Every structure is written in structure tokens, then in C-alpha cells.
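Note sheet for the following structure.
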There are 2 protein chains.
Amino acid sequence: MIQARLMGRVTIEDVAERAGVSVATVDRVLNSRATVRPRNAARVEAAIRALNYQPDRLAARLARQRSYRFCFVLPRGGNIFMRDLATEIESHARHLAGERVSADILYTDIFDPEALSASLLSVSGKYDGVALVALDHPRVREAIQHIASHGAEVVTLVSDAPGAARSHFVGIENAAAGRTAATLLGRYLGGRRGKIGIIAGSLALRDHAERHFGFAQVIAAEYRDLSLLPVQEGRDNPERSMELAAGMIAREGDLVGIYNIGAGTEGIIEALQSSGRSRDIVFVAHELNEITRHALLDGAVDVVIAQDPGHEARSAMRVLMARCDKAAIIAAQERISVDIFVKDNLP
Amino acid sequence: MIQARLMGRVTIEDVAERAGVSVATVDRVLNSRATVRPRNAARVEAAIRALNYQPDRLAARLARQRSYRFCFVLPRGGNIFMRDLATEIESHARHLAGERVSADILYTDIFDPEALSASLLSVSGKYDGVALVALDHPRVREAIQHIASHGAEVVTLVSDAPGAARSHFVGIENAAAGRTAATLLGRYLGGRRGKIGIIAGSLALRDHAERHFGFAQVIAAEYRDLSLLPVQEGRDNPERSMELAAGMIAREGDLVGIYNIGAGTEGIIEALQSSGRSRDIVFVAHELNEITRHALLDGAVDVVIAQDPGHEARSAMRVLMARCDKAAIIAAQERISVDIFVKDNLP
DNA sequence: CAAGAACTGATAGGCGTATGTCAGTTTGTG
DNA sequence: CACAAACTGACATACGCCTATCAGTTCTTG
């Protein structure tokens, strides 16, 4: 092992010496703890640059004795994806116990602006960071503002609230996800002519609306032989989605594709299979889980567009931690990608 | 901020007290520093479990005064992907400077077993961890063994050497990548009948051979209307690949698809475009970079199968660090996925 | 059962930073 | 020029763990 002394690690003492001041003064500059005469402050800054001083993050966190408490606000009784997300958050929180981080999960009705904002306010002031699956609503923005102004970091997760005081959004670009679905569905159909059915949870959900927008855009622009049926809202519910899909299949003789924007995929698979037209209808769904995974292998689903809940959980925590100790975040690492899965590249 | 004392962080002192021994003994057990009577060792283990003690990794690294030195062994004069990988390694190394980690890059001819193993031996003993783009060859395995037996951790990067003493492989499953390419190409062709041209860097490269295997497997099993032309070796060179592609296009009137297993994609694009048959031939390539990115947007390439060099660089460093301080690695986080890109889900 | 071997406890000092105190020095102001 | 205000330096303590030392205790073994 090579020891640090051999590497000549630069410490605040070196900076102090070089700047001709005491370590206390360097500390005052570094942590803006008290006013320092401009001349000395400048010297310190210069010494820092000259020596390329980088504070030791390990020592800093140890000394600061900070243990970060984060709160994740998730939908109560959510779909499979949300349950997977919760599992990932718990598992990563356990892992981070050795790094002085703890995370609680608060379940609430995120579709009700009043309930969500009440939950947010109830949490305000008690945590160093809050991650929430947001609803784009004035009340919610207000609650986020409240948390932020009480000194906590806020990030939105999966679903964003663009105008709000959140410092980061951990999630995918949903319009791009919709466009991706359209391109794959269109290319898989390879020039066939016909109708495409679309099922969403609810177009009142920002992410569903955005996916629909992206999907419709690409189909209109690039696949003139395909036409879209009006969106049906299945509320992410398998039974309801099954009925909607069955209705579509029965009504439209030239149905060649289905795009499920939200959850409830198992219902649509059932409708397809019991209709006997499963092989003729290209089906694109969202999110990778036990159901869609098996469906891909069976051929019941042709393509899955997904976001990785594990990545999102870890990313949210890393971003919160980084913001809490004012460190830089690695943009490329924290970017959540629009994943495409076929039967062959499953994890 | 919530202080640690409120959280009741468990320290070795708590463990010692609970086990009825001194902290020195706990330390002896934890770091197997000297022999401890079995009875006491068992008590300590029990106390650790009972209290769910987790050593503070920050404090440990600080005290140990370790600064990890890693070496990355990459191909000299590599293709775009390898250059991107090098850039990512440098950039992440800079980022980790504040966490007592440094990384050097050593360029060598990784296709020559003698040269590669000589480079590995020259590096042996000087680093805490080595990551290399491996060649699957006895000489190389021997060199890896040598490094490992001198106390350094070894991981393979992008290309594996399965029998060797590396503790981890950071890269994709190449057979799965090949299968994925075949499925997308097959589905994009939507039942069209014809020939598929395959260009590889060299089938002597393990990753290329594996991709080819996976690709051929799926085409044979699922796309009876498609037949494969013999693999042409372009040595990852754009000019040579262009000539090979141009030849194929001219010779085979019913060429409906091209799969480029390695680099040199720009050459193939040129051949396709100057032939005027670009729109009729589905083209699947590997790795996302400026060239393939533009080609996707242009429509010159239909699908790109990729691995993320940034993820690989960060993952290699995290794995090396984790192994150096005997910490657990997060499997899901370190798994490198076979990414699929179309024009709509580009980062 | 004595002598040596094997083990254990107490303690000190260190890693690089944070935070606070207090006496001492410089600066600005009237 | 005096006096308060603003600034600075030196030092102490803490964070949790690592490493080493040394005296003291408990085991082996002949």
C-alpha cells in the first residue's frame, strides 16, 4: 500500500503556511465562518489554487458528525413499479447505514394535491433531504417551497414538478420515452397499415401525458399508415385495462398495435391472449418487472420501455447527499436513461 | 441537522462493552491482527451481530491513511470507444482526488499476449488495483495471477479473461448483445426475405466472437427467411470496413441488413450512402459516440447496441475500492447493461 | 508447578477536518 | 490618540477507527 505521505496530500495546514496565515483563518474562509480581511481571504484563495487543495471529504464528514436523514414520499398502494422503487430505497438505505445516512419512507395519496402537500408539510423541518414523487400542482409547489426554505434539500422522483423549488429531478424524459415507444412500434410493424390503441393510467398524470405526446408526435410525423385510436384511461388497474383492451380488439378489426403508457400490463396481456390475435398485434409496455419480464420471454410483449428503480433510488440519495455537503454531482451518473428491453437484453 | 449521538451510532467501544472485552480485542478480531481465544472471538462476533455494528467506512479509511492507486491498462491507439473510455477514466479519477484515489492509464498493445503480459508484469506490485482490457490467453492469465498474488486487486474491463484470477468483470454479456442485435434487426425487417452481412473487427477477439455467436443463434432459430453471409473482418478500421461493406452491397442484390460487430461504423455508413441503398438496408451497429449518434439521427444507422463507458469507468473504480477495503459491492449498480439506442432515446 | 507461550487490557498518538474559546493584534472612527 | 470594533492566532477537543506498545493475565507443556 502506498501511504498518503508519499503522495503528499495537501492539508489546510499547508494552505495556511503558504498563505502566511493560521489554520483558523483558512477555516474561516473555507466555511465562511466569520469575516476575514479581504487581503487575507485573497491570499488563502490563492494558496488553495496554487496548491490545488482539495478538502478531504472523508475527514470532513467524520468531523462534521453529520448523519443525513432523508424522507421519501411515495404513493400509498402504488403499482408494481412503485413497490419496486420502495424496495430499492429500503435496500440502499440499509447499505448506507455504514455511511451515516438513514431514510424513511412516507406513503401518501400523491394524486390528491391536498393530501400530498399536507404530508410534505408534516415532514418539513424534520429531515435533511426529501425526495418525492411529485404532482404538478400549485399547492404542491408551495409545500416544496416550504420544505426548501426550512433548509432541507428537495428532489423530485419519477414524476417532476417543474416550477417548484426542487433542486433536481431524478427520472426520465417522458416525452422521449413516448417517442421511443412509437419508433419501435412503427419499425416493428414494418409498413403494415392499421390502428394503434393507447391505454394510459390517466392523462392527468404529467408523465403519462408527456409519453402520449411524444408517441403521437412520432406516429403522426413518420408513420402515415398508422392511425391512433383515442386514449383510454385504465387508471393503472389491470382489470380495467383488460376490459379496455378487450373492447378495442373486438371493435377494431385492423388493430395492429397497442401502447400501454402506464401500469396494468397484465390485464392487457390477458385480453390479447384470449382474443387469439396476440401474435398479430405489436404490444409495447412500460417498466420492467416480473410480469413484463415473463411477457417479453413469452412473446406476449414485444418491447418494454423502462426506467431503473434501483438507479433512481441510489441516484436520489447520492444527489441529496451531494447537495447536503455542497459537493458536485456527476451529471452523467445521475442521468436516468430511457431503457429499451427486448427478450434478449434482460438483466 | 440531526447529530449522530441522537442516532446512537454503534462504535467498537459499544461492541467491546457488550462482549465484555477491550476495544483492542475487538480490533484484533475485526482486522485479524493477532490470535484471539475462540471464546472471546465468538463473543465479539455475537456482539457485532446483536448490535448490528457496521464499521464506519469513512473513519476507517481516514485512519488507515490509505490512498488507493489504480492502474488502467488500455489498448494503445484504440478506437473511439476506447478513447471515450480513457476520457471517462481520467475524468472520474480527477473527481476522486478528494477521496484519496488516483488512477494512472497505461497504454499497450493488448492484442499481443506478450506485450500485454509484459505490461502487466511491469505494473505488478506498484498499485493497489489494476483494471485491464483483457485478452483471453494463457500468458495473460499468468500475468494476472502474478499481480493478484502480489496483493493487488484485478478486474477485467470490457473484455474478459474468464479463467483468470480477476475478481470481477466490468462489461457486458456480449452474447446477449449479439442476440439483441439480431432480434431488432429481424423485427425491423418484419418478414422480409434476404441476406445479412456481418462485419467484425476480428473473430479472434472474444467479445466479437461472442456477439457473432449470439447473433447467429437468434437469426437461425427465429428468422428463417434471413441468411447470414460469412463474417468479414474489418479490423475495426473504417477504410477497410468501407471496402468490405461496399463489396457486399455490390455483390448481394438481396442484402437486407448489416450488423457491424466492432468499430469502423463510419466506413460502412459511407458505403451504404454511396450505394444509394441505405434506406432499404437495416443497419445495426455498436457503441454510442458522435458518429453513431449522428447516424441514428440521420437514419444512416437504425439501432445502436451499446455499453456506457462512463458507467464502466466508475464501476471499475468502485469495485476496486470496495475490494481494497473489503466492503460489499452493490451487484445491481455494478452490472453493465446492454443498452439499445434508437434516434429517440439518445442521452 | 514452573517456565514459557499465548493471549488480553489500557493507553497513547495519529489521520484531516470542524468548531469553539480567548487572548492578542490590527483597523477604523471620532 | 484613544477606544471600540474587527480581525487573527494558538490551542483544545472531538469524530471513529487504526496501529503499536507494554505490562499483566491466562493457558500449555514438559
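Note that the coordinates shown come from a computational prediction; the quantities given were computed from them, not determined experimentally.
Using a 4.0 Å cut-off, no side-chain N or O of Arg64(A) falls inside it from OP1 or OP2 of dT17(C). Within the 4.0 Å cut-off from OP1 or OP2 of dC7(C), not a single side-chain nitrogen or oxygen of Asn40(B) is found. Under 4.0 angstrom from either OP1 or OP2 of dG16(D) there lies no side-chain N or O belonging to Tyr53(B). At the phosphate of dA10(D), neither OP1 nor OP2 sits under 4.0 Å from any side-chain N or O atom of Ser22(A). Contact annotation: Asn31(B) reaches the phosphate of dC18(D) (side-chain N/O to OP1 or OP2, under 4.0 Å). Taking 4.0 angstrom as the limit, Thr11(A) places none of its side-chain polar atoms (N or O) nearer than this to OP1 or OP2 of dG16(C).
Closest non-hydrogen pair, Leu288(A) versus Ala306(A), comes out as N-CB, 3.8 Å. The nearest pair of heavy atoms linking Leu85(A) to Leu74(A) is CD2-CD2, 4.2 Å.
In the set dG9(D), dG16(C), dC18(D), dC18(D) carries the atom at the smallest distance from any side-chain atom of Asp27(B).
Summarising the geometry, the separation between CG on Leu62(B) and C1' on dA14(D) is reported as 13 Å, rounded to the nearest angstrom. Distance CG (Leu58(B)) to P (dA18(C)): 14 Å, rounded to an integer number of Å. Between Glu13(B) atom CD and dC18(D) atom P there is a gap of 13 Å when expressed in whole angstrom units. One atom, CG of Leu30(B), and another, P of dC18(D), lie 7 Å apart when rounded to the nearest Å. Whole-Å rounding puts the Arg39(B) CZ to dT26(D) P distance at 11 Å. dT19(D) atom C1' lies 11 Å from atom CZ of Arg28(B), rounded to whole Å. Between the CD atom of Glu17(B) and the C1' atom of dG9(C) there is a distance of 15 Å, given to the nearest Å. In this structure, the OH atom of Tyr68(A) is 17 Å from the P atom of dC15(D), given to the nearest Å.
With DNA chain D read from its 5' end, the first of the two nearest nucleotides for Arg37(B) and Arg61(B) is the one closest to Arg61(B).
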Residue pair Asp160(B), Arg166(B): steps toward the side chain to side chain contact (heavy atoms under 4.5 Å, CB included) verdict: CA-CA 9 Å; Asp160(B) 196 14; Arg166(B) 91 280 190 275; 2.8 Å; yes
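The environment of Arg318(B) atom CZ is dense: over 12 non-hydrogen atoms of other residues, nucleotides or ligands sit within 6.0 angstrom.
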